[in-house]
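Report on one structure; see the data block that follows.
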Amino acid sequence: MPELPEVEVVRRGLERWVSGRTIASAEVLHPRAVRRNAGELADQLKGREIRSAERRGKYLWLPLGDEGVEPGGPEGEAGEALLAHLGMSGQLLVIEPDAPLEKHLRVRIGFADGGPDLRFVDQRTFGHLLVAPLTAPEPPSRGGRVRPVPEPVAHIAPDPFEDVFDDAEFAARLRRRHTGIKRALLDQSLISGVGNIYADEALWRARLHWARPTESLPTKKITELLAAARAVMSEALNEGGTSFDSLYVNVNGESGYFDRSLAVYGRRDEPCRRCGTPIRREAFMNRSSYSCPRCQPRPRDARP
DNA sequence: CGTCCTACCTGGAGGC
DNA sequence: TGCCTCCAGGTAGGAC
């Protein structure tokens with residue numbers, strides 16, 4: 001399941017293997033992979049150069065050069081980008097054009113240099129690719145230069161590794177919520193990049209139960225939680241980043257990413273690494289939450 | 001508006 | 001062996 005660290009590994013791979021290259025063709029093999037862009041993707045991409053690879057939270061995008069497009073047009077001020085969300089099972093593969101087609105290949109992008117394809121493979125089809133205009137982010141961050149983001153990303157909050165992420169503002173907004181802390185962590189309009197796995201891991205490190213009401217969290221605890229989230233995600237990134245040096249952009253959360261370092265996620269009935277108490281699994285939002293019953297006791301005023 | 005819930009989708013695992 | 005059910009979960013969109 002790609003969350004921030006996995007998506008960042010992919011971003012680095014794309015920056016290395018596809019930025020600076022010009023797209024020759026794009027073929028859509030499954031309409032769901034491009035949402036409403038169905039027939040247009042090929043036309044939108046043909047002849048355009050990929051300038052770089054950017055990311056906010058779990059979204060990543062490739063800003064496109066204006067080749068073939070009237071420069072300085074009224075709408076093209078900030079340009080466009082090929083936006084990608086990997087969903088649950090999405091992979092972006094950089095792979096030789098003559099390699100056999102993957103079973104769940106959804107979009108195939110070929111390049112003018114005849115080099116490796118960029119292939120979007122996605123078994124569960126929750127991910128998608130889309131060409132979108134770049135625009136200013138929705139809640140205008142004060143001060144400094146504002147980095148344009150694709151339109152569908154405008155309402156997404158900065159992730160905790162961005163310079164524009166404001167810890168104090170996050171704490172204030174968090175306390176204004178009337179919900180449980182894990183719901184808030186998964187709310188991409190409050191903080192982006194955190195998914196079910198790293199939410200559980202960060203909460204365990206900060207010794208917080210997932211149902212703890214946000215409005216009663218002391219600033220100190222919020223600071224601790226943010227530090228835990230940053231630590232667990234950067235550790236995961238360091239592990240994922242090391243295996244990345246082939247002509248292959250790996251996003252598959254299943255195979256060998258960070259598994260050894262997980263403290264609670266998927267460890268039902270196994271001993272807590274801090275106190276030895278068996279890890280519990282609880283139903284939460286139609287999925288699972290893992291926690292230590294002793295280190296993370298359920299609060300009396302728990303939120304659903 | 002804020003908060004919560006469900007649908008979307010596929011294939012592997014486990015029960016019988 | 002095959003059929004069934006459960007499970008994984010990010011996000012859009014709708015209910016309240």
Side-chain angles (χ1 to χ4, degrees), chain A residues 1-8 10 28-38 55-61 83-92 102-107 120-130 132 138-139 149-157 159 172-203 210-217 229 233 236 251-255 257-259 262 264-269 280-290 301-304:
Chain A
M1 279 55 77
E3 300 180 29
L4 188 153
E6 293 75 34
V7 178
E8 174 60 15
V10 176
V28 177
L29 292 94
H30 193 304
R32 219 179 113 80
V34 292
R35 302 289 156 90
R36 53 184 174 280
N37 259 40
R55 182 187 58 74
R56 162 165 284 186
K58 302 169 202 170
Y59 286 86
L60 60 88
W61 64 92
L83 174 67
H85 194 291
L86 302 173
M88 285 186 59
S89 54
Q91 290 175 285
L92 283 165
E102 293 76 7
K103 183 177 180 190
H104 300 295
L105 179 63
R106 306 306 186 199
V107 181
F120 182 58
V121 176
D122 187 16
Q123 182 215 120
R124 275 172 261 192
T125 70
F126 279 20
H128 61 273
L129 296 186
L130 187 68
E138 199 40 68
V149 300
E151 218 163 64
V153 181
H155 69 288
I156 299 295
D159 69 56
R173 290 186 64 199
L174 188 68
R175 261 195 304 258
R176 265 181 258 132
R177 293 288 174 101
H178 302 276
T179 189
I181 182 60
K182 186 169 173 182
R183 292 188 109 98
L185 275 183
L186 296 178
D187 184 342
Q188 305 295 300
S189 67
L190 190 60
I191 178 173
S192 66
V194 182
N196 199 42
I197 297 174
Y198 296 115
D200 278 2
E201 293 299 311
L203 289 168
W210 54 265
R212 175 72 185 267
T214 48
E215 58 265 51
S216 70
L217 279 173
M233 289 195 290
V251 213
N252 190 342
E254 261 114 49
S255 60
Y257 87 116
F258 203 54
D259 278 4
L262 294 177
V264 282
Y265 183 83
R267 296 192 62 239
R268 179 185 202 163
D269 295 335
R280 73 184 151 196
R281 175 193 176 276
E282 294 169 284
F284 168 80
M285 288 171 79
N286 275 329
R287 54 210 58 179
S288 299
S289 260
Y290 297 91
D301 53 353
R303 296 248 173 197

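Chain letters run A, B, ... following the sequence lines, proteins first, then strands; residues in each count from 1. All of these numbers come straight from a predicted model, not from anything done at the bench. Side chains are part of it too, since the values below use all heavy atoms of this structure and drop only hydrogens, waters and symmetry mates.
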Hey, does [X] reach any base, or is it just sugar-phosphate, or nothing, if we go heavy atoms under 4.0 Å?
X	value
R303(A)	nothing
S288(A)	sugar-phosphate
Y59(A)	sugar-phosphate

Applying the side-chain contact (heavy atoms from CB on, under 4.5 Å) criterion to E102(A), which one of L29(A), V121(A), D122(A) satisfies it?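 It is V121(A); the other options fail the test.
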I need the [atom1]-[atom2] distance between [X] and [N], as an integer number of Å.
X	N	atom1	atom2	value
I181(A)	dT3(B)	CD1	C1'	15 Å
L186(A)	dA8(C)	CG	P	14 Å
K58(A)	dG10(C)	NZ	P	5 Å
Q188(A)	dG10(C)	CD	P	8 Å
L129(A)	dG10(C)	CG	P	19 Å
D187(A)	dG2(B)	CG	P	11 Å
L86(A)	dG10(C)	CG	P	12 Å
N196(A)	dT11(C)	CG	P	12 Å

Where protein sits on nucleotides 6-13 of chain B, one letter per nucleotide: B base, S sugar-phosphate only, - none, heavy atoms under 4.0 Å: S-BBBS--
Checking R303(A) against T179(A): is there a side-chain donor and acceptor pair closer than 3.5 Å?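 Short answer, no.
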Bend angle of the helix from dG2(B)-dC16(C) to dC16(B)-dG2(C) from five-pair axes at both ends, rounded to 10°?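 End-to-end axis angle: 50°.
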By nearest atom, which of the nucleotides dT3(B), dC4(B), dT11(C) is closest to the T179(A) side chain?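 Shortest atom-to-atom distance from the side chain points to dC4(B).
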What nucleotide among dA12(C), dA8(C), dC4(B) has an atom nearest to a side-chain atom of H155(A)?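 The closest nucleotide is dA12(C).
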Out of curiosity, [X] [atom1] to [Y] [atom2], how far, rounded to the nearest 0.5 Å?
X	Y	atom1	atom2	answer
E8(A)	L4(A)	CD	CG	7.0 Å
E282(A)	D200(A)	CD	CG	9.5 Å
I156(A)	S192(A)	CD1	OG	6.5 Å
I181(A)	W210(A)	CD1	CH2	12.5 Å
Y290(A)	R280(A)	OH	CZ	13.5 Å
L86(A)	E6(A)	CG	CD	10.0 Å

Are the side chain of E3(A) and the backbone of K58(A) linked by a donor-acceptor contact shorter than 3.5 Å?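 Here the side-chain-to-backbone pair does not exist.
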Could you tell me how the ring of H85(A) sits relative to the ring of Y59(A): parallel (under 30°), tilted (30 to 60°) or perpendicular (over 60°)?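 Perpendicular, since the angle between the ring planes exceeds 60°.
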Using a cut-off of less than 4.0 Å, is there contact between a side-chain N or O of H178(A) and OP1 or OP2 of dG2(B)?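 False: H178(A) side-chain N/O out of range (4.0 Å or more) of dG2(B) OP1/OP2.
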Below the 4.0 Å mark, does dT3(B) have OP1 or OP2 next to a side-chain nitrogen or oxygen of R183(A)?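 Indeed not, no polar side-chain atom of R183(A) lies that close.
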